[in-house]
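Quick note on labels: first sequence line is chain A, next is B, and so on, each numbered from 1. Nothing here was measured: the structure is a model prediction, and the numbers come from that model.
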2 protein chains.
Amino acid sequence: MIRIVLAEDQKLLRGALATLLSLEDDIEVVGQAENGEEVMSMIQQYEPDVAVLDIEMPLKTGLDIAELVQKNKLAVRVIILTTFARPGYFQRAMQAGVYGYLLKDTGSEELADAIRRVYDGKRVINSELSLAVWDDPCPLSPREREVMKLAAQGLVLQDIGAQLFLSYGTVRNYMSEAIGKLGANTRIEAIDIARSKGWLD
Amino acid sequence: MIRIVLAEDQKLLRGALATLLSLEDDIEVVGQAENGEEVMSMIQQYEPDVAVLDIEMPLKTGLDIAELVQKNKLAVRVIILTTFARPGYFQRAMQAGVYGYLLKDTGSEELADAIRRVYDGKRVINSELSLAVWDDPCPLSPREREVMKLAAQGLVLQDIGAQLFLSYGTVRNYMSEAIGKLGANTRIEAIDIARSKGWLD
DNA sequence: CCTTTTTTCTGACATTTGTCATAACCGGCT
DNA sequence: AGCCGGTTATGACAAATGTCAGAAAAAAGG
């Protein structure tokens, strides 16, 4: 019997998945969580074989959890289940040593299969991602990313500088560089591009 | 037997819902669609009693479908099922005469109940929305909204003017007005606010 | 018919943004 | 030791943005 926990903030999907997976006769859903902290304590308490995690959840994201699991050397194997095929997410997940990365656009039978394969120690990666996405690293330097992140929240250059303890001119340069590197014409376009690639998280 | 069609672009949720709803012995899922156009032709072909529609789908949104159903006086009753509690979405749905508006954060048993109630001619509206949201209309004039929409795509004022056949100065004024009305300090903040309320769709 | 709102526009102004050149400092890599 | 990339910074300049005042025509509502 494969013991799993499920973390997904939308009740409808969470409930539906739990019901469907429970129907598989080699899978047992030992816990369902609606946010990151809840699933973390379930993992510690129940010590499941596999954890299926959504990325975008309150309190802690699925990626945060994957990194915590890695850092604390917990035995559970992580499968990330997300809507978004964002390179940045995918790479962070790989670095956190997850065993599976699936999109919500896969069928539930595939998900059950993936759980079995991961339980057997294999890795299951969405095929489009593993190919297309590897060579699409974020072109921004760490500082440039920080500036973009704050800009994405609507801050003006002055305030960004104040928050990062940088001079106005420096921030202006980073912004300009970032816009150039992303091939955008305006700040807003640059933010859209970076967001869609998952480079602002 | 209540005959329904389901439209939802994420295969996982779509499949899971279809399976769960089929287990109810008074509900029959006669069609599943992954985009707006597909569900439209299913409605015309199968003439189901109820249509459960996601909003954000390719080709046509659930709101587009609801409006088409209303315009063509089709007999099907529409339930909108969405992630987002956005006032703008909700109001558009109400104007299109939908029978149900539910969030994906409800349980599947509630969904099944909602389908039964709607089949009986009752309306089922998410309670938080029906109260809180009524008095939160978009403060922007139609023109201001159009300007914001284009700005949200990263266009500069010049280009926005060119697209809408407005002078540069006029666009600048609309932008300024919009930022003011939304209580923002920058264009980016204004876009964020408007997006989160569903006023840019 | 009168009033109000919306749409449209102009001009003026201060500020912000984006680009570019230039330069110093640091850490790694070869 | 020398080079490269990231970080930090300045100054200068053009362009874009945001604000304000004022004004006229059209549409909507009473």
Nearest-0.5 Å distance that lies between atom [atom1] in [X] and atom [atom2] in [Y]:
{"X": "Met148(A)", "Y": "Met175(A)", "atom1": "CE", "atom2": "CE", "answer": "5.0 Å"}
{"X": "Glu109(A)", "Y": "Leu20(A)", "atom1": "CD", "atom2": "CG", "answer": "9.0 Å"}
{"X": "Arg143(A)", "Y": "Leu166(A)", "atom1": "CZ", "atom2": "CG", "answer": "4.5 Å"}
{"X": "Leu150(A)", "Y": "Ile188(B)", "atom1": "CG", "atom2": "CD1", "answer": "11.0 Å"}
{"X": "Glu56(A)", "Y": "Tyr89(A)", "atom1": "CD", "atom2": "OH", "answer": "4.0 Å"}

> Between residues 159-172 of chain B and DNA chain C, which residues have a heavy-atom gap below 4.0 Å?
Replying inline: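 Nucleic-acid contacts, sorted: Leu166(B), Ser167(B), Gly169(B), Thr170(B), Arg172(B).
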> Is there a residue in residues 184-199 of chain A whose heavy atoms reach under 4.0 Å of DNA chain C, and which residues are they?
Replying inline: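 Close to the strand are Arg187(A).
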> Listed by chain and number, what are the salt bridge (charged side-chain N to carboxylate O under 4.0 Å, His left out) partners of Asp64(B), not counting sequence neighbours?
Replying inline: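 Checked Asp64(B) against salt bridge (charged side-chain N to carboxylate O under 4.0 Å, His left out); matches are Arg92(B).
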> Within 45° of the axis and under 6.0 Å from the centre of the six-membered ring of Tyr99(A), does NZ or CZ of Arg77(A) qualify?
Replying inline: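 Yes; both conditions hold, so Arg77(A) lies above the ring face of Tyr99(A).
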>> Short of 4.0 Å, heavy atom to strand atom, which residues of residues 138-157 of chain A count as contacting DNA chain D?
In response: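 Only Ser141(A), Pro142(A), Arg143(A) qualify.
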Can you measure [X] atom [atom1] to [N] atom [atom2] for me and round it to whole angstrom units?
{"X": "Glu177(A)", "N": "dG5(D)", "atom1": "CD", "atom2": "P", "answer": "12 Å"}
{"X": "Lys181(B)", "N": "dG18(D)", "atom1": "NZ", "atom2": "P", "answer": "16 Å"}
{"X": "Tyr174(B)", "N": "dT17(D)", "atom1": "OH", "atom2": "C1'", "answer": "18 Å"}
{"X": "Met175(A)", "N": "dA16(D)", "atom1": "CE", "atom2": "C1'", "answer": "14 Å"}

>> Could you work out, with ring pair (Phe, Tyr, Trp, His ring centres under 6.0 Å) as the rule, every residue matching Tyr101(A), not counting sequence neighbours?
In response: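 So Tyr101(A) forms a ring pair (Phe, Tyr, Trp, His ring centres under 6.0 Å) with Phe90(A).
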>> Taking Glu146(A) first and then Lys149(A), would you say they form a salt bridge - that is, a charged N and a carboxylate O separated by under 4.0 Å?
In response: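 Looking at Lys149(A) together with Glu146(A), the answer is no, because their closest N to O distance does not fall below 4.0 Å.
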>> For a 4.5 angstrom cut-off between non-hydrogen side-chain atoms, does Val76(A) reach Asp49(A)?
In response: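 Result no, sub-4.5 Å side-chain heavy-atom pair not found.
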> Do Asp159(A) and Gln153(A) come close enough that some side-chain heavy atom pair is under 4.5 Å?
Replying inline: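 Sidechains of Gln153(A) and Asp159(A): no contact.
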>> Does atom CZ (Arg116(A)) have a neighbourhood of more than 12 heavy atoms from anything else shown, all under 6.0 Å?
In response: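 It does: Arg116(A) CZ has more than 12 such atoms within range.
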>> I need a per-nucleotide contact map over nucleotides 22-30 of chain D, read 5' to 3'. Cutoff is protein heavy atoms under 4.0 Å; write B for the base, S for backbone only, - otherwise.
In response: ---------
> Choosing from dA16(D), dT19(D), dG18(C), which nucleotide comes nearest the side chain of Gln158(B)?
Replying inline: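 For Gln158(B), the side-chain atoms sit closest to dA16(D).
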> Is the backbone of Gly15(B) close enough, under 3.5 Å, to the side chain of Thr19(B) for a donor and an acceptor to pair up by distance?
Replying inline: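 It does hold such a pair.
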